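Please read the structure below before turning to the comments.
Keep in mind that this is a model prediction, so the values were computed, not measured.
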Amino acid sequence: MKILIMNCLIMFLLNSCATNYEKAFLAKYEFEDFSQFKEVDMFFRGNNKENNLVIYGYAPDLINNTSKAEFYLIVLNNQNHEIVEMDWKLIENNVKADTIKLQQLAQTFIMYRIPRLNVDTAGNVFVYLKDVETLALVRFANENELQKRSKEVKWINIKHNWYKRR
């Protein structure tokens, strides 16, 4: 019985912390313009052995031939968020990529202090607050996108145009 009560208490505290983090994120970024991240998926993967921040993901719109792209890796200085290392993992080397734009996106992304951000081609914003696999919040680009996605998943409206899975 004690174990059951303890487990319930732990689950309550974890859910409460997640809810508080959602509220804090929305309080700060509720009306943020994420359009610069359209067709970009960014993941914070932690710190490397030099304590620099490691980000990777997929940004096909920043490459002139998306069939030749796989993903990118960016390492930012933990103190000033300057680029330490940047590497496009490409199938072919003769591909032009907008590395300046990707650097700017990485520096903006790290300021959100979230593990993952994805903006799809329609402009829907997917925010991950807990880890890179657990979707926390979604802001739909328009009512049509909400209706289309509601066929797949049931959504709870959190605030204005922000939703989370039911």
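Side-chain atoms of W162 come within 3.5 Å of backbone N or O of E30 as a donor-acceptor pair.
Atoms CD and CG, on Q79 and N52 in that order, are 9.0 Å from each other to the nearest 0.5 Å. Here the CG atom belonging to L135 is positioned 9.0 Å from the CG atom belonging to N118, to the nearest 0.5 angstrom. With values rounded to the nearest 0.5 angstrom, I100 atom CD1 is found 9.5 Å from M86 atom CE. Here the CG atom belonging to N78 is positioned 4.5 Å from the CG atom belonging to L53, to the nearest 0.5 angstrom.
For the residue pair P115 and V132, the shortest heavy atom distance occurs at O-CG1, 3.4 Å. Nearest heavy atom pair, residue Y72 against residue Y58, reads CE2-N, 3.3 Å. Contact detail for G123 and A141: the closest heavy-atom pair is C-CB, 3.8 Å.
One hydrophobic cluster, built from ILVMFWY side chains closer than 4.5 Å, cannot hold both F140 and V125; they sit in different ones. Under the 4.5 Å side-chain heavy-atom criterion for ILVMFWY residues, a single connected hydrophobic cluster contains both F34 and L26. In the hydrophobic clustering of this structure, L137 does not group with L146; members are Ile, Leu, Val, Met, Phe, Trp, Tyr whose side-chain heavy atoms approach within less than 4.5 Å, directly or through other members. The hydrophobic cluster containing L129 does not contain W155, counting ILVMFWY residues as joined when their side-chain heavy atoms lie under 4.5 angstrom apart, directly or transitively.
Sorted by first then second residue, the ring pair (Phe, Tyr, Trp, His ring centres under 6.0 Å) pairs that include residues 115-138, not counting sequence neighbours, number zero. For the salt bridge (Lys or Arg N to Asp or Glu O under 4.0 Å) condition, the pairs that include at least one residue of residues 118-138, sequence neighbours left out, are D120-R149.
Residues that satisfy the salt bridge (charged side-chain N to carboxylate O under 4.0 Å, His left out) test with R116, not counting sequence neighbours, are D41. E85 pairs by the salt bridge (charged side-chain N to carboxylate O under 4.0 Å, His left out) definition with nothing, not counting sequence neighbours. Partners of K28 according to the salt bridge (charged side-chain N to carboxylate O under 4.0 Å, His left out) rule, which considers only residues two or more places apart in sequence or in another chain, do not exist here.
At least one side-chain heavy atom of L76 sits less than 4.5 Å from a side-chain heavy atom of I83. Side-chain contact between N77 and E50 is absent, with no heavy-atom pair separated by less than 4.5 Å. At least one side-chain heavy atom of L117 sits under 4.5 Å from a side-chain heavy atom of V127. The closest side-chain heavy-atom distance from H160 to F31 is below 4.5 Å. Proximity of L102 to M42: side-chain heavy atoms (C-beta onward) are separated by under 4.5 Å at one or more points. Under the 4.5 Å side-chain criterion, counting only non-hydrogen atoms from C-beta, R139 is not in contact with Y163.
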Please list, one pair per line, the donor and acceptor atoms closer than 3.5 Å that link side chains of residues 103-113 to other protein atoms, with sequence neighbours excluded.
residue: Q107; atom: NE2; partner: H81; partner atom: O; Å: 2.9
residue: T108; atom: OG1; partner: Q104; partner atom: O; Å: 3.0
residue: Y112; atom: OH; partner: E32; partner atom: OE2; Å: 2.8

